[in-house]
There are 2 protein chains.
Amino acid sequence: MKILIIEDSTSLRRSLKIGLSNLGFTVDDTGDGSEGLSMALSGSYSLLILDLMLPSVDGSSILKAIRKANKDIRVLILSARDLTEDKIEGLLNGADDYLTKPFSFDELHVRLLCLMRRGSLNIDNSKIIIGDFSLDLHLKQLHCNGKDANLTPNEYKLVECLFTNQGKVICPEKLSEYLAGQYDAVAKNSIEAHLSTTRKKTRALGYDLPIKTKRGFGYFVESKL
Amino acid sequence: MKILIIEDSTSLRRSLKIGLSNLGFTVDDTGDGSEGLSMALSGSYSLLILDLMLPSVDGSSILKAIRKANKDIRVLILSARDLTEDKIEGLLNGADDYLTKPFSFDELHVRLLCLMRRGSLNIDNSKIIIGDFSLDLHLKQLHCNGKDANLTPNEYKLVECLFTNQGKVICPEKLSEYLAGQYDAVAKNSIEAHLSTTRKKTRALGYDLPIKTKRGFGYFVESKL
DNA sequence: AATTAATCTTAAGTTTTGCTGAATTTTTAC
DNA sequence: GTAAAAATTCAGCAAAACTTAAGATTAATT
């Protein structure tokens with residue numbers, strides 16, 4: 001569950017972020033309206049917490065733009081103004097809920113639960129597509145030409161690390177850390193073995209894995225755009 | 001648009017009725033819980049404004065009864081208590097919104113607009129259907145080919161968490177949090193045991209639970225079935 | 001308050017799956 | 001052509017997940 005906060009008050013933004021993170025949400029935040037808008041449009045957020053009173057762009061303009069883009073994102077408005085006209089206007093513009101400042105964190109928490117419960121299951125495609133391959137970060141699967149490559153945990157993690165670092169050579173040490181965490185390690189040969197089996201599996205599906213060897217340095221995925 | 005008010009304070013009920021009538025709604029009202037319940041069940045109300053603290057019947061019992069009857073009626077809770085637990089419980093019991101007393105009429109007005117907006121867009125999300133299985137979020141039951149699988153609370157919660165997150169692998173830690181809350185935990189083995197019994201129960205009904213294991217990561221429900 | 005019923009947790013045994021490290025072969029760079 | 005690096009293979013081992021049942025909690029009932 002990813003949440004975006006657009007709020008110019010640094011202290012409020014900070015405390016919201018900390019509080020929501022503690023509740024298990026993934027939280028991004030910004031104090032700038034136009035930056036916020038582009039984040040909302042590009043990212044896969046389930047929920048936007050939006051302050052109506054922003055310095056640069058108006059909050060309700062952001063809301064309009066998001067709805068125009070037909071984004072499936074719930075919007076909770078924060079408003080310092082306590083005028084009914086404003087609220088109504090905001091809600092009719094496509095907000096799903098609102099809170100007037102000041103508010104208690106508990107209050108916000110409950111409203112979030114409510115919104116999430118309501119929300120249609122947002123099928124946010126956190127997938128990385130490279131050539132004929134598609135890596136599903138939620139299902140932890142590598143698809144090759146539509147078929148599941150059936151990777152083991154370590155095989156998958158290797159691919160995930162390299163796919164998410166497309167265009168960079170990743171050394172065996174980094175890969176080891178990615179697999180085992182920073183307090184443990186995986187032998188270089190083990191990594192080679194995993195890559196070998198992974199390559200074999202995708203070859204069996206008819207495609208070569210786009211992970212290449214950079215002799216003496218590590219492995220990488222060519223970035224083609 | 002017909003609205004039903006169940007609220008024992010005569011003065012509040014009166015003023016609400018007048019205010020909402022002036023806004024163009026058709027309003028019925030009662031101060032008695034059981035009368036209110038039968039009205040809600042028989043009449044064609046779009047919205048119920050329900051006080052949780054009623055003298056005769058408990059407000060949350062009314063809510064449960066309405067949801068059990070599968071009535072398509074939005075419920076806005078009025079609560080004097082300001083405790084988060086209560087709110088959460090109320091919302092999870094099937095309420096659509098809530099207000100704590102005292103509140104301004106403007107506040108209520110906006111929430112009504114919000115609920116109505118939702119109503120027009122919303123599909124009924126009280127049930128999640130996956131294959132031969134149907135999860136009733138209001139009744140807290142898993143149905144398999146029409147028959148109740150008779151899950152215990154924790155078994156149900158596991159299924160609920162995975163069904164509402166279909167298409168995502170959920171790690172044991174998240175599941176633990178879902179069962180026990182963020183300040184407590186459930187051992188991984190306990191989760192395994194619950195899943196085991198759940199699978200057994202549905203197998204006894206003739207169907208395999210569509211919850212699969214993603215070794216090394218957690219459990220998931222495949223998206224399209 | 002005591003008893004019972006229901007559910008949850010723990011632990012141990014079992015099964016399944018995946019990882020590792022050594023031996024071998026292949027590739028690459030000089 | 002040679003040496004170093006990488007790829008491959010596989011058997012033995014280790015870890016993860018499943019199952020079951022018994023003991024511990026909790027909730028319900030008398």
Side-chain angles (χ1 to χ4, degrees), chain A residues 139-142 148-162 169-181 183-204 207-221, chain B residues 58 61 85 89 140-142 148-162 169-181 183-204 208-221:
Chain A
L139 280 177
K140 313 283 181 192
Q141 286 179 339
L142 175 67
D148 186 0
N150 258 107
L151 302 187
T152 68
N154 275 358
E155 288 168 358
Y156 169 82
K157 282 190 196 167
L158 274 184
V159 175
E160 184 179 275
C161 183
L162 289 160
V169 172
I170 309 296
C171 63
E173 292 74 34
K174 274 256 170 271
L175 290 170
S176 166
E177 191 183 319
Y178 199 86
L179 298 203
Y183 300 112
D184 207 342
V186 171
K188 199 175 157 201
N189 179 238
S190 261
I191 290 170
E192 288 168 354
H194 286 136
L195 250 176
S196 174
T197 51
T198 305
R199 282 168 169 158
K200 195 177 178 181
K201 283 176 181 176
T202 66
R203 224 179 297 127
Y207 291 91
D208 271 350
L209 194 65
I211 293 176
K212 312 283 183 203
T213 307
K214 192 81 193 170
R215 188 167 252 254
F217 296 99
Y219 302 92
F220 69 101
V221 175
Chain B
D58 185 21
S61 311
E85 274 74 23
E89 202 197 324
K140 310 284 179 195
Q141 286 180 339
L142 175 68
D148 187 0
N150 259 106
L151 302 187
T152 68
N154 274 358
E155 287 168 357
Y156 170 82
K157 279 191 199 168
L158 274 185
V159 175
E160 183 179 275
C161 183
L162 289 160
V169 173
I170 309 295
C171 63
E173 293 74 34
K174 276 252 170 279
L175 289 170
S176 166
E177 192 184 318
Y178 199 85
L179 297 201
Y183 298 114
D184 206 343
V186 171
K188 204 175 156 201
N189 180 235
S190 206
I191 291 171
E192 288 167 356
H194 284 133
L195 249 175
S196 177
T197 52
T198 306
R199 282 169 169 159
K200 199 176 179 182
K201 283 177 182 176
T202 67
R203 223 180 298 128
D208 271 351
L209 195 65
I211 293 176
K212 313 277 185 206
T213 305
K214 194 80 200 172
R215 188 168 254 254
F217 295 104
Y219 301 91
F220 70 101
V221 175

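In the text below, chain A, chain B and the rest are named by the order of the sequence lines, each starting its count at 1.
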For Arg203(A) and Asp208(A), run side-chain contact (heavy atoms from CB on, under 4.5 Å): C-alpha distance rounded to whole Å, both residues' side-chain angles, the deciding distance at 0.1 Å, then the answer.
CA-CA 5 Å; Arg203(A) 224 179 297 127; Asp208(A) 271 350; 3.6 Å; yes
B/S/- along nucleotides 1-15 of chain D (protein heavy atoms under 4.0 Å) is ----BSBBB------
Which pair of heavy atoms, one from Ile211(A) and one from Tyr219(A), lies closest together, and at what distance?
CG2-CB, 4.0 Å
Specify the closest pair of heavy atoms between Ser190(A) and Val186(A), including all atoms of both residues, with the distance to one decimal.
CB-CG1, 3.4 Å
Decide side-chain contact (heavy atoms from CB on, under 4.5 Å) for Leu142(A) and Thr202(A); before the verdict, give the C-alpha distance in whole Å, the side-chain angles of both, and the deciding distance to 0.1 Å.
CA-CA 9 Å; Leu142(A) 175 67; Thr202(A) 66; 4.0 Å; yes
In short, Tyr178(A) meets Lys157(A) closest at the heavy-atom pair CE2-O, 3.4 Å
Compare every heavy atom of Leu179(B) with every heavy atom of Leu158(B), then report the nearest pair and how far apart it is.
N-CD2, 3.9 Å
Asp184(B) atom CG is separated from dT25(D) atom C1', nearest whole Å, by 13 Å
Separation of atom CD1 in Ile191(B) from atom P in dT19(D), rounded to whole Å
15 Å
At under 4.0 Å between heavy atoms, what does Ser190(B) touch on the DNA or RNA strands: base, sugar-phosphate, or nothing?
base
Looking at residues at least two apart in the chain, or sitting in another chain, which of them share a ring pair (Phe, Tyr, Trp, His ring centres under 6.0 Å) with Phe217(A)?
none
Provide the full list of salt bridge (charged side-chain N to carboxylate O under 4.0 Å, His left out) pairs with a residue in residues 193-202 of chain B, sequence neighbours left out, each pair given once.
Glu155(B)-Lys201(B)
Starting from the 5' end of DNA chain C, give me the residue, Leu179(A) or Leu151(B), whose nearest nucleotide shows up first.
Leu151(B)
Those residues that, when tested against Glu160(A), pass salt bridge (charged side-chain N to carboxylate O under 4.0 Å, His left out) (two or more places apart):
none
What does the inter-axis angle of the helix from dA1(C)-dT30(D) to dC30(C)-dG1(D) come out as, five pairs per end, nearest 10 degrees?
50°
Might you work through the side-chain contact (heavy atoms from CB on, under 4.5 Å) test for Asn189(B) and Glu192(B), ending with a clear yes or no?
CA-CA 5 Å; Asn189(B) 180 235; Glu192(B) 288 167 356; 3.3 Å; yes
Donor-acceptor under 3.5 Å (Ser176(B) side chain, Ala185(B) main chain)
no
Going 5' to 3' along DNA chain C, which are the first and last nucleotides with any atom under 4.0 Å from a heavy atom of chain A?
dG18(C) to dA29(C)
Rounding to a whole Å, what distance do you find between His194(B):NE2 and dT20(D):C1'?
14 Å
